[in-house]
Amino acid sequence: MKVIRDSFTMPEYDHAKLAQLKKKCLAEGVQVKKSELLRAGLAALEVMPLKRLLIEVQAVTKVKTGRPGKA
């Protein structure tokens with residue numbers, strides 16, 4: 001399996017969701033990395049009915065791409 005490194009921008013609240021999901025998994029004895037959660041999400045999206053997928057995609061807040069400015 002070839003691995004590709006990538007970067008992306010997401011809202012702070014979505015990044016916090018990754019931490020919450022990691023904690024949920026850990027509480028059940030499953031240690032998971034952020035990248036593994038994202039890949040599991042892709043697998044779930046792939047089998048989702050098209051109509052539901054489009055609804056979920058349209059509900060995602062659009063964010064400006066690129067690195068956030070330093071505060």
Side-chain angles (χ1 to χ4, degrees):
M1 165 178 42
K2 183 176 179 177
V3 179
I4 298 172
R5 183 154 180 82
D6 199 350
S7 63
F8 50 89
T9 305
M10 69 171 54
E12 187 175 356
Y13 57 83
D14 282 339
H15 195 264
K17 287 179 190 178
L18 289 171
Q20 291 171 349
L21 290 168
K22 283 179 69 169
K23 285 182 185 178
K24 277 186 176 183
C25 290
L26 197 55
E28 295 298 320
V30 177
Q31 198 164 13
V32 65
K33 298 175 184 174
K34 286 186 281 187
S35 63
E36 293 166 339
L37 279 174
L38 293 172
R39 290 170 47 218
L42 288 173
L45 290 170
E46 188 174 38
V47 298
M48 187 180 283
L50 180 58
K51 187 173 182 174
R52 177 64 190 265
L53 171 64
L54 296 176
I55 290 169
E56 295 300 331
V57 168
Q58 290 172 342
V60 172
T61 304
K62 305 295 185 229
V63 294
K64 183 179 170 188
T65 58
R67 295 193 177 271
K70 295 189 179 184

dist L42:CG -> R39:CZ (nearest 0.5 Å) comes out at 9.0 Å
Single-linkage hydrophobic cluster V60~M10, side-chain heavy atoms < 4.5 angstrom = no
Single-linkage hydrophobic cluster L18~F8, side-chain heavy atoms < 4.5 angstrom | yes
Around K62, counting heavy atoms of other residues, nucleotides and ligands shown, do more than 12 lie under 6.0 Å from its NZ?
-> yes
Are the side chains of K17 and D14 in touch, meaning some heavy atoms are under 4.5 Å apart?
-> yes
Should L21 and V32 count as side-chain neighbours, where that means a heavy-atom distance under 4.5 Å?
-> no
Within one Ile-Leu-Val-Met-Phe-Trp-Tyr cluster: L26 and V30, side-chain cutoff 4.5 Å | no
Hydrophobic cluster membership, L54 vs L45, 4.5 Å side-chain cutoff | yes
Do the charged groups of K24 and E28 touch, with an N to O distance under 4.0 Å?
-> no
Nearest heavy-atom neighbours spanning K22 and K34 | CD-CG, 4.1 Å
Could you grab the distance from atom CE of M48 to atom CD1 of I55, nearest 0.5 Å is fine?
-> 9.5 Å
